[in-house]
> 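Shown below is the structure under consideration.
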Amino acid sequence: MGTLDIQAQTKPNVVYILVDDLGYGDIGCYGATKVKTPNIDKLATEGKIFTDAHSASAVCTPSRYATITGQYPFRGDNGKGIWGPAPPTSELLIQPNQLTIADVFKNSGYATAALGKWHLGFGVGENLFNKPLRPGPNDLGFDYYYGVPVVNSAPPYVYVENDRVVGSDPKDPLVYVGKGKDKEVTPITPIPEEASQRTPNMFKGAVAAHKLYNDYTVGTVLAGKAVDWITEKTTKKSKNDKLNPFFLYFATTHIHHPFTPGSNFQGKSDAELYGDFIQELDWMVGQVMTTLEKQGVAENTLVIFTSDNGAMLNLGGRNAIKAGHKINGDLLGFKFGVWEGGHRVPFIAKWPGKIKAGTVSNQLICNVDMLATFMALTGQNTKSLENSDSVNVLPALLGDPKTPVRNELVLAAHKSSHLSVRKGKWMYIPAQGSGGFTGSQPNHHAWGGAPATAFVGSVNSDIENGKIKADAPPAQLYNLEDDKYQTINVYKKYPEIVKEMQATLDSYRTKK
């Protein structure tokens, strides 16, 4: 019996690398030339690239909700929907009794961990970080959690391990004081203006805990935690020790603003701080891949690399574009908006011997599909997922199906008015514009919509001089097979398709 036969009898390890705000054009294997991403590109040459992969939302928190629960975020919060980034004081947005991707692996005997950015809240009711952070990741199927509780641009600027603030001291507790209390709050790492926006601290106390968090070393810390955890789970403590398969959800803060690459990466790209941050991300991926090789488990590990949404046209993104880097490639739009640039994301999968190296798939897939896919991967019955939004896309990972693994997809912008639907080649948006950011001036943190198209030179038939035309149709229909970059709104040309798409969208809104 050969090595592969033995491996075929064992459950694969799974590493799901979820990066933050990485756009469709941000890495070499998707066309970037101003940044070097050798480790991510190697994943692509040894695995499969997807060209039509999406996040269910163009916003971080709802997108993560979709990944972990297999449920469209517009169904979250008891049907009110999860539309925006969770505030620092948010309660846990996933119910402990909801099935999660971590539960799926736990049910199959896996060791599980979540490392990095959480941004899905803690506890019940307002969370002021003044008591154990429960319920939290440990109540959703993750054996271990270590990371950034909200995001690298929002307080508290501390690390959390399981349900406690790292370095916390009962004599110097972390105390929430809210906005505008700059003289009271604990100082944080100084950063330059060109690093892009970061929300001022809203917490006082916990000086030691704050000192452990340095914006410029977060990448190193999180990569180190991933290396340590994988090493621990693949090292026998005794001859009789049985090693369980493992699942690692590794959610980096890179490349979300502020752009604070470590000293080894500063000035190394051709795309300003934005590009330097991408290159540090690539190093982090390399650390994980090297560890899998070193521990002898790379051959039986499925690695998925993807992003929570498209790239953002903040100051860092604008500086990168001025340097010639196309953060979302030639796609229309950016993070928060429902045009393709907001949610069409890089998606790479590698599993030696199972996924054919150097392949490309144009199958329509989504992060909401991970729950059903991981159930199928571990031999669990996906038919038990009644009324689930998650589709088993494992056939698209492992092979080359001639029929679509997914026929329809609901996609969310920041604004609920722009909940949209993809059906085959058609993309329908029931309103004008992108439903995302609207900034347009150099002093604005977040650009989006029509003004952003003018900045990057995108062409769209509804837009002129960075504004929606007065006679533009009331909604949008695009044929993505012929017009991937959404240059022509064919709403008026295909009224019967519009009617069909609206009916499809309405059916999702009414389905519980």
Side-chain angles (χ1 to χ4, degrees), residues 14-22 50 52-77 81-86 90 92-96 98-106 110 112-121 136-137 139-142 145 147-148 150-151 226 247-254 256 302-310 335-336 342-349 364-378 382 385 388-394 396-397 405-406 409-412:
V14 177
V15 177
Y16 189 84
I17 304 173
L18 180 63
V19 300
D20 201 348
D21 287 6
L22 189 81
F50 284 78
D52 203 0
H54 299 259
S55 54
S57 170
V59 186
C60 49
T61 294
S63 173
R64 286 155 201 276
Y65 177 91
T67 295
I68 290 176
T69 66
Q71 184 180 58
Y72 285 135
F74 74 85
R75 302 193 201 283
D77 194 15
I82 298 167
W83 300 97
S90 172
L92 181 64
L93 298 174
I94 299 171
Q95 297 302 315
Q98 281 181 267
L99 183 68
T100 69
I101 53 174
D103 290 328
V104 165
F105 286 106
K106 286 293 290 179
Y110 279 64
T112 59
L115 301 177
K117 174 180 171 178
W118 183 239
H119 212 177
L120 286 161
D139 303 286
L140 300 176
F142 293 105
Y145 170 68
V148 178
V150 184
V151 59
F247 168 60
L248 173 59
Y249 168 77
F250 185 32
T252 70
T253 55
H254 290 56
H256 193 283
L302 166 62
V303 177
I304 293 174
F305 173 93
T306 190
S307 179
D308 67 339
N309 45 248
K335 172 184 174 176
F336 267 48
H343 51 78
R344 189 181 291 228
V345 291
F347 190 103
I348 306 167
L364 176 65
I365 66 170
C366 182
N367 64 343
V368 79
D369 297 330
M370 293 303 101
L371 185 84
T373 302
F374 292 151
M375 287 184 75
L377 178 73
T378 52
T382 56
L385 291 172
S388 173
D389 299 313
S390 191
V391 171
N392 171 22
V393 299
L394 192 60
L397 292 178
V405 292
R406 172 183 267 289
L409 179 59
V410 179
L411 294 156

> Run through I101, V104, V303, L377 and flag the one making a side-chain contact (heavy atoms from CB on, under 4.5 Å) with V14.
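Exactly one option meets the side-chain contact (heavy atoms from CB on, under 4.5 Å) with V14, and it is L377.
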
> Residues two or more places apart in sequence or in another chain: which of them pass side-chain hydrogen bond (donor to acceptor under 3.5 Å, both in side chains) with S63?
N367

> Under the criterion side chain to side chain contact (heavy atoms under 4.5 Å, CB included), I'd like the reasoning laid out for R75 against V410: C-alpha separation, chi angles, the key distance, then a yes or no.
CA-CA 11 Å; R75 302 193 201 283; V410 179; over 6 Å; no

> Partners of F305 by ring-ring contact (aromatic ring centres under 6.0 Å, His included), sequence neighbours excluded?
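Counting only residues at least two positions away or on another chain, F305 forms no ring-ring contact (aromatic ring centres under 6.0 Å, His included).
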
> Applying side chain to side chain contact (heavy atoms under 4.5 Å, CB included), name anything that partners A113, two or more places apart in sequence or on another chain.
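For A113 the side chain to side chain contact (heavy atoms under 4.5 Å, CB included) partners, ignoring immediate neighbours, are Y144, W229, L248.
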
> Using the ring-ring contact (aromatic ring centres under 6.0 Å, His included) criterion, which residues pair with F142? Sequence neighbours excluded.
Y249

> Provide the closest heavy-atom pair for A58 versus K335 in the form atom of the first, atom of the second, distance.
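Closest pair (atom of A58, atom of K335, distance): O-CG, 3.5 Å.
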
> Nearest 0.5 Å, what's the CD-CG distance between Q95 and D77?
9.0 Å

> For Y145, what residues pass the side-chain hydrogen bond (donor to acceptor under 3.5 Å, both in side chains) criterion, not counting sequence neighbours?
none

> side-chain hydrogen bond (donor to acceptor under 3.5 Å, both in side chains) with T252: which residues, sequence neighbours excluded?
none

> Just checking, is any N or O donor in the side chain of D21 or N309 under 3.5 Å from an acceptor N or O on the other one?
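Yes.
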
> Applying ring-ring contact (aromatic ring centres under 6.0 Å, His included), name anything that partners Y65, two or more places apart in sequence or on another chain.
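ring-ring contact (aromatic ring centres under 6.0 Å, His included) list for Y65, sorted by chain: empty.
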
> Which residues satisfy the ring-ring contact (aromatic ring centres under 6.0 Å, His included) test with H119, sequence neighbours excluded?
none

> Is there a side-chain contact between M370 and V393 in this structure, where contact means two heavy atoms from C-beta onward sitting under 4.5 Å apart?
yes

> Name all residues meeting the side-chain hydrogen bond (donor to acceptor under 3.5 Å, both in side chains) criterion together with T306; count only those two or more places apart in sequence or in a different chain, and write none if there are none.
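Expected list: none.
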
> Could I get the full list of salt bridge (charged side-chain N to carboxylate O under 4.0 Å, His left out) partners for D103, not counting sequence neighbours?
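So D103 forms no salt bridge (charged side-chain N to carboxylate O under 4.0 Å, His left out) with any residue.
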
> Kindly write out the residues that satisfy side chain to side chain contact (heavy atoms under 4.5 Å, CB included) with S90, not counting sequence neighbours, or none if the list is empty.
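Side chain to side chain contact (heavy atoms under 4.5 Å, CB included) list for S90, sorted by chain: A86, P87, L93.
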
> Given side chains that start at C-beta, do those of F336 and P85 come closer than 4.5 Å, heavy atoms only?
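The answer is yes; the side chains approach within 4.5 Å.
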
> Enumerate the salt bridge (Lys or Arg N to Asp or Glu O under 4.0 Å) contacts for residues 57-66, please, sequence neighbours excluded, ordered by first and then second residue.
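Qualifying pairs, neighbours excluded: D20-R64, R64-D308.
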
> When rounded to the nearest 0.5 angstrom, what is the spacing between CD1 in I94 and CG in D139?
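It comes to 11.5 Å.
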
> Are any non-hydrogen side-chain atoms of M375 and S390 less than 4.5 angstrom apart?
no

> Roughly how far, to the nearest 0.5 Å, is the OG atom of S57 from the CH2 atom of W83?
8.0 Å

> Kindly give the heavy-atom pair with the smallest separation between L120 and T61, and that separation in Å.
CD2-O, 3.6 Å

